[in-house]
S.K.: 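This is the structure I have questions about; it appears just below.
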Amino acid sequence: MLMISPKMASGAQDKQYTPSLLSFFIYNPTFGPREGEEEKKILFYHPSEIEKNEKIRNVGLCEAIVQFTRTFCPTKPAKSLHTQKNRQFFFEPEENFWIVMVVRNPMIEKPNKDGKPPTIEYQEEELLDTVYGAVVRQCYSMYKLFNGTFGRVMESGGVELLIQKLEKFFYRYLQTLHLQSCDLLDVFGGISFFPLDKMTYLKIQSFVNRVEESLSLIKYTAFLYNDQLIWSGLEQDDMKILYKYLTTSLFPRHSEPELAGRDSPLRPEVTGNLLHYGRFLTGPANLKDPEAKFRFPKIFVSAEDGYEELHLIVYKAMSAAACFMISANVELTREFCEQLDGLVGPQLTLLASDICEQFTINRRISGPEKEPQFKFIYFNHMNLAEKSTIHMRKTASVCLTSVHPDLMKILGDINCDFARVDEDEEIIVKAMTDYWVVGKKSDQRELYVILNQKNANLIEVNEEVKRLCATQFNNIFFLD
Amino acid sequence: MAEEHYLELSENPVQFEHASSVNNVFFDEANKQVFAVRSGGATGVVVKGPDDKSSVAFRMDDKGEVKCIKFSIGNKILAVQRTSKSVVFPDKRSLKLLKSQSINVNWYQYCPETAVILLSTTVQGNVLQPFAFRNGTMTRMTKFEIELPVVPKPAKLTLSERDIAMATIYGQLYVMYLKHHSRTVNSPGAEVVLYHLPREGACKKSHVLKLNTTGKFALNIVDNLIVVHHQSSQTSLIFDTRLKEPDCAVNTHQPVLPARSIHPYRIPLSGPAAVPSQPPVPCQLFNGSWIVLLPPTVHLLQDKGKLMDFLLRRRDCKMVILSVCSQSEKGSLPVVATVFDKLNQVYKEYLEAEQSYTAMESGPSRGGGAQKRPVRTQAVIDQSDMYTHVLSAFTERKDVSHKFIIAVLMEYIRSLNQNQITVQHYLYELVIKTLVQNNLFYMLHQFLQYHVLSDSKPLACLLLSLESTYPPAHQLSLDMLKRLSTANDEIVEVLLSKQQVLGALRFIRSVGGHDNVSARKFLDAARQTGDQMLFYTVFRSFQQRNQRLRGNPSFNPGEHCEEHVAHFKQLFGEQALMKPTTV
């Protein structure tokens with residue numbers, strides 16, 4: 001057991017600046033090994049308006065740091081560089097391809113009297129390597145989901161094509177990075193599963209199997225409800241990143257038209273088909289439109305022999321969403337989309353209301369949701385299941401947490417400690433603000449609890465957490 | 001094409017001497033016996049039934065032409081009718097009149113199974129008066145009228161005995177009326193009209209069978225199916241009164257299957273006497289000896305749901321149903337689901353009847369407990385039948401994609417769950433085996449996550465065995481053991497085998513089993529890790545337990561820990577041992 005009392009930031013009149021993205025670049029040192037050709041190494045650089053020589057200098061510096069640290073440990077090159085003003089993260093996703101992200105440290109601007117310029121205090125130790133390292137890896141995974149590996153693009157169209165693809169993808173993607181709200185959940189990159197009774201789950205299974213049988217083009221299916229996963233025909237690693245895309249990008253962009261007002265432009269045209277609420281979130285917005293395009297985003301998932309390219313059809317009825325994945329070699333037609341709409345729409349609508357009904361019944365049986373005194377994050381490395389009562393619903397723009405960032409940082413610190421050893425561990429921290437923070441690791445599971453009981457002692461806190469485990473996690477093996 | 005026939009005659013014909021000037025032949029429907037009476041009985045009477053046991057041969061005096069001859073049940077009394085107004089009982093000569101009814105009767109029919117006699121009354125003959133015999137009493141039942149297609153003028157006997165038959169179908173007595181096609185009424189063909197004759201209450205017209213043709217017909221009941229033979233086309237039609245016809249008016253039935261002729265049959269020549277190639281006795285008399293061949297129906301009835309409804313009500317249906325199930329083809333998942341649901345519905349009804357019977361048996365007997373043990377018919381197809389005859393072989397099929405195999409297995413499990421039937425472990429095992437063979441571990445993981453494969457110790461052990469190929473199986477298994485709450489020993493074993501000695505110790509303490517566990521087992525495991533501090537901790541922990549339980553920290557000889565005590569002393573010295581505290 002470890003006791004830490006971290007110092008808390010204070011000063012109400014001070015101006016706080018959250019961490020922000022300074023630059024993001026991708027290079028390959030083998031592309032311009034000779035002097036004078038350094039620019040060729042750079043495949044992508046954000047912000048693009050930076051002067052050429054500065055870009056070359058920054059890339060050169062990273063290259064040098066990585067080379068230098070390699071001499072100490074050839075198998076584990078440097079992952080990050082801490083400086084007073086910023087922090088750099090290095091990641092080599094494919095051989096010789098490097099992604100570097102530079103994040104400015106959070107800072108506090110303290111006003112000075114007598115008209116002097118304010119003093120800026122950089123908070124060098126606030127950023128967590130694990131969190132932002134995970135963000136860089138996620139950037140690559142997301143790129144790879146829609147474009148395949150760097151190597152694959154190089155093979156098909158050389159450096160020019162790769163540069164083009166990187167530009168196209170990261171230009172938009174980097175705008176959606178919200179570095180100030182990254183936390184432990186980014187480290188986990190977990191999946192929230194929808195709790196469901198066995199019978200309803202089997203019905204969903206049956207639905208998926210039937211659709212895959214009637215529309216034999218469909219190779220894989222994933223099923224979500226309320227932005228939570230219920231079924232994945234994809235392998236776990238692919239699902240992990242697809243889930244991230246769906247829940248943080250695609251779904252928030254298509255808020256429920258059912259919830260939208262009558263005259264809202266979000267509400268789709270009711271084109272005579274009142275039998276179901278099904279609609280395409282990718283591909284054609286309106287099937288009846290004679291101009292409709294039947295083009296879907298393509299994604300890359302792992303296959304036995306490398307990667308396979310698939311059309312991603314996301315179809316939603318009320319809160320139920322089904323993702324159908326079809327080999328990209330097939331051209332999708334209007335007929336196919338109409339067939340899918342006719343088959344899936346009514347069934348999915350029915351299932352969605354079934355699930356909703358079951359969920360309400362189960363909730364009623366288990367009694368009214370008791371607002372627990374504690375907030376927790378649970379993560380299971382085995383199935384990537386995550387559960388958080390700390391985070392509000394994620395939206396495209398922000399990820400809201402209901403606790404102070406300092407507490408989130410303590411959680412991140414505990415997680416780093418857990419990562420260091422294989423053994424089961426338990427860490428209890430009393431934070432400056434009188435909160436208790438408890439981290440438990442049992443086999444592949446991690447649980448973080450924040451308790452707001454300032455007068456409680458260590459034993460009471462321990463008992464409280466035991467009680468939480470007994471009520472919330474009684475159906476899994478979780479060592480006390 | 002042998003497969004085109006769905007009806008055939010029994011393999012064992014009843015052979016007898018054909019009717020001639022010296023030989024009279026009679027058939028008794030009640031006992032299903034054929035009487036061949038030679039020379040009025042003087043040169044012999046041979047009685048044969050469908051089974052050899054009921055064959056009898058005897059002689060009697062020739063006292064004139066025999067008009068009718070029958071045995072009582074069990075061949076105890078023989079009744080012979082020689083004149084229209086007298087019946088002779090050769091073995092017992094006294095008879096007592098119990099009850100008499102005076103009615104003008106055109107003709108009568110008697111149904112031996114239900115002991116109901118039907119009398120044709122009135123001039124047209126279409127008012128039928130049934131009487132039921134039971135325990136020596138005769139009960140007059142409600143009379144009823146058969147609707148005639150044409151009412152003749154002047155009135156004359158119109159309803160013929162030949163057009164009326166009685167039969168028990170699905171346990172209920174029906175009067176079947178063959179309503180011939182009438183030129184005056186615009187109807188496409190003849191019909192069979194079924195009147196339901198309940199034990200109490202009024203007789204009601206309940207079903208109409210459309211024959212869609214005209215001519216001469218004969219009726220049979222085989223396995224609760226109504227078989228209508230059409231003479232001129234030499235084909236037979238099958239009707240099932242329980243098959244609902246969605247596109248017809250209620251209780252109007254079309255034939256289940258297209259008309260087919262009876263399976264050709266040759267009577268083997270045997271005996272010195274020349275046996276005619278065709279028996280002279282009309283076939284319809286041999287009620288019990290018809291066989292409906294179910295396998296051909298499978299090809300003839302395309303709608304698998306309807307086919308299941310049909311098959312589930314037949315007597316020898318099990319193997320046919322199972323063979324239908326094993327022919328599941330790709331593209332038929334909704335059909336497979338329907339078939340499973342129909343099977344499991346019957347299976348569930350049986351289980352429930354069985355359960356309530358067992359509850360009655362064990363509970364306090366009420367009013368003599370008249371409830372009968374439910375009969376398990378062939379239509380009850382349980383999980384073991386499905387496993388043995390269908391699913392197990394199905395998972396081995398190479399010509400079917402694993403996707404479809406898994407879909408079918410899941411569909412069966414879904415159907416069982418929907419009917420609240422507890423799924424047997426071997427089905428889960430089959431699912432797991434199929435998933436593992438196809439490397440679909442993530443799928444398996446998801447099924448377990450949603451408890452589709454219910455918890456059990458064998459399943460948990462199976463998962464443990466998968467750990468080397470799929471490491472997360474370890475966690476899944478431990479979770480399952482935990483949920484079972486009766487597997488604490490197993491959990492300790494698993495943890496110890498993983499050298500998680502402290503974890504095991506903490507676990508057993510949290511479930512309150514610390515006082516009863518074997519210290520030696522833990523010390524063995526602790527010593528094996530080679531971690532001296534761990535050994536020290538575990539050793540001291542058990543010394544403390546001993547102190548608490550027995551007031552002495554030392555181990556009992558029964559615990560066989562001497563070796564570990566010596567090891568402890570060697571590592572940490574004698575003085576590190578906990579000393580007994582004296583009070």
Side-chain angles (χ1 to χ4, degrees), chain A residues 191 193-214 216 218-223 229-240 304 343 347 380-385 422-424 426 442-445 466 469-470 473-480, chain B residues 330-334 336-337 401 403-404 406-418 420 423 439-443 445-455 470-483 485 491 494-495 498 500 502-507 509-511:
Chain A
I191 293 171
F193 286 91
F194 187 79
L196 203 60
D197 66 294
K198 176 162 63 171
M199 198 52 233
T200 317
Y201 183 81
L202 282 167
K203 275 192 203 164
I204 293 170
Q205 271 295 315
S206 184
F207 160 79
V208 169
N209 289 334
R210 284 174 195 209
V211 173
E212 286 189 3
E213 196 193 38
S214 341
S216 54
I218 297 172
K219 240 180 143 172
Y220 310 102
T221 306
F223 193 102
L229 187 67
I230 294 179
W231 167 252
S232 162
L234 283 182
E235 284 303 311
Q236 200 179 43
D237 287 343
D238 294 317
M239 193 61 229
K240 174 178 167 171
E304 273 162 35
L343 179 82
Q347 289 191 53
N380 182 357
H381 287 272
M382 283 291 148
N383 58 358
L384 304 179
D422 270 346
E423 309 274 303
D424 290 356
E426 187 169 326
S442 169
D443 193 23
Q444 299 292 319
R445 295 182 165 106
K466 264 190 188 172
C469 290
F473 303 102
N474 59 338
N475 59 351
I476 57 171
F477 185 79
F478 209 71
L479 268 180
D480 283 327
Chain B
K330 194 162 163 46
S332 60
L333 211 49
V336 170
S401 72
K403 211 169 177 175
F404 186 62
I406 292 159
V408 168
L409 290 177
M410 291 316 286
E411 208 53 65
Y412 188 57
I413 289 177
R414 179 206 50 78
S415 180
L416 289 171
N417 272 292
Q418 200 153 305
Q420 282 132 32
V423 181
N439 262 323
L440 299 168
F441 288 104
Y442 188 45
M443 211 180 253
H445 201 132
Q446 295 184 66
F447 288 160
L448 287 160
Q449 199 175 319
Y450 281 96
H451 307 292
V452 167
L453 312 176
S454 306
D455 299 341
Y470 185 63
H474 173 74
Q475 190 191 65
L476 291 167
S477 168
L478 270 185
D479 290 350
M480 195 176 278
L481 290 171
K482 160 89 186 299
R483 285 192 296 269
S485 78
I491 291 177
V494 170
L495 292 174
K498 289 258 146 194
Q500 294 179 3
L502 273 188
L505 207 53
R506 283 165 69 189
F507 169 74
R509 220 155 43 188
S510 74
V511 296

S.K.: Side chains of B:Gln500 and A:Asp443: do they bring a donor and an acceptor to under 3.5 Å?
M.R.: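 Absent: no donor and acceptor within the cut-off.
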S.K.: Considering only heavy atoms, which portion of B:Ile491 lies under 4.5 Å from any heavy atom of chain A: side chain, backbone, both, or neither?
M.R.: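 For B:Ile491, side-chain heavy atoms alone lie under 4.5 Å from chain A.
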S.K.: Which bit of B:Ile413 comes within less than 4.5 Å of chain A, counting heavy atoms only: side chain, backbone, both or neither?
M.R.: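 Answer is both: backbone and side chain atoms of B:Ile413 are under 4.5 Å from chain A.
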S.K.: Quick one: what part of A:Phe473 sits under 4.5 Å from any heavy atom of chain B, side chain, backbone, both or neither?
M.R.: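 It is the backbone, since no side chain atom gets that close.
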S.K.: Of the backbone (N, CA, C, O) and the side chain (C-beta and beyond), which part of A:Ser232 lies under 4.5 Å from a heavy atom of chain B, both, or neither?
M.R.: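 Both parts, backbone and side chain.
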S.K.: Using heavy-atom distances under 4.5 Å, tell me whether A:Gln205 contacts chain B through its side chain, its backbone, both, or neither.
M.R.: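 A:Gln205 touches chain B through side-chain heavy atoms alone.
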S.K.: Would a distance-only check, ignoring hydrogens and angles, find a side-chain to backbone donor-acceptor pair under 3.5 Å from B:Ser510 to B:Phe507?
M.R.: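 Yes; judged by distance alone, with no hydrogens or angles, the pair exists.
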S.K.: Flag the pair A:Phe194 / A:Trp231 as yes when their ring centroid distance falls below 6.0 Å, and as no otherwise.
M.R.: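 Ring centres of A:Trp231 and A:Phe194 not closer than 6.0 Å.
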S.K.: Judged by atom type as modelled, is there a donor-acceptor pair below 3.5 Å linking the side chain of B:Ser401 to the main-chain atoms of B:Phe404?
M.R.: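 Checking the backbone N and O of B:Phe404 against the side chain of B:Ser401, a donor-acceptor pair under 3.5 Å is found.
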S.K.: So, the side chain of B:Gln446 versus the backbone of A:Asn383: is there a donor-acceptor pair under 3.5 Å, distance only?
M.R.: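 Side chain of B:Gln446 to backbone of A:Asn383, a donor-acceptor pair under 3.5 Å: no, none is there.
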S.K.: Let me know if B:His445 has heavy atoms under 4.5 Å from chain A in its side chain, its backbone, both or neither.
M.R.: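 Side chain only.
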S.K.: Begin from the C-alpha positions of A:Asp424 and B:Leu502 and carry the test side chain to side chain contact (heavy atoms under 4.5 Å, CB included) through to its verdict.
M.R.: CA-CA 10 Å; A:Asp424 290 356; B:Leu502 273 188; over 6 Å; no
S.K.: Can you say whether A:Asp197 sits under 4.5 Å from chain B via the side chain, the backbone, both, or neither, judging by heavy atoms?
M.R.: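 A:Asp197 has no heavy atom closer than 4.5 Å to chain B.
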S.K.: Between B:Lys403, B:His474, B:Met480, which has the largest tally of heavy atom pairs under 4.5 Å with chain A?
M.R.: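 Heavy-atom pair counts peak at B:Lys403.
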S.K.: According to the interplanar angle, ranging from 0 to 90°, do the rings of B:Tyr470 and B:Phe441 count as parallel (below 30°), tilted (30 to 60°) or perpendicular (above 60°)?
M.R.: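 Parallel: the ring planes of B:Tyr470 and B:Phe441 meet at under 30°.
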S.K.: Using non-hydrogen atoms only, which part of A:Ser206 is less than 4.5 Å away from chain B: side chain, backbone, both, or neither?
M.R.: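 Both parts, heavy atoms under 4.5 Å.
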S.K.: Tell me if a side-chain donor or acceptor on A:Lys203 pairs with a main-chain N or O of B:Arg414 at a distance below 3.5 Å.
M.R.: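 Answer holds: no.
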S.K.: Under a 4.5 Å heavy-atom cut-off, does chain B meet the side chain of A:Leu234, its backbone, both or neither?
M.R.: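 Only the backbone of A:Leu234 comes within 4.5 Å of chain B.
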S.K.: Checking B:Glu411 against chain A: side chain, backbone, both or neither under 4.5 Å from a heavy atom?
M.R.: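 Only the side chain of B:Glu411 comes within 4.5 Å of chain A.
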S.K.: Let's test your reading of the structure: which of B:Arg483, B:His451, B:Gln449 forms the most heavy-atom pairs below 4.5 Å with chain A?
M.R.: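 Of B:Arg483, B:His451, B:Gln449, B:Gln449 has the most heavy-atom pairs under 4.5 Å with chain A.
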S.K.: Indicate yes or no for a side-chain donor-acceptor contact from A:Glu213 to the backbone of B:Ser332 under 3.5 Å, with no hydrogens or angles considered.
M.R.: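 Side chain of A:Glu213 to backbone of B:Ser332, a donor-acceptor pair under 3.5 Å: yes, one is there.
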S.K.: So which part of B:Lys498 gets closer than 4.5 Å to some heavy atom of chain A, the side chain, the backbone, both or neither?
M.R.: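 Neither; nothing under 4.5 Å.
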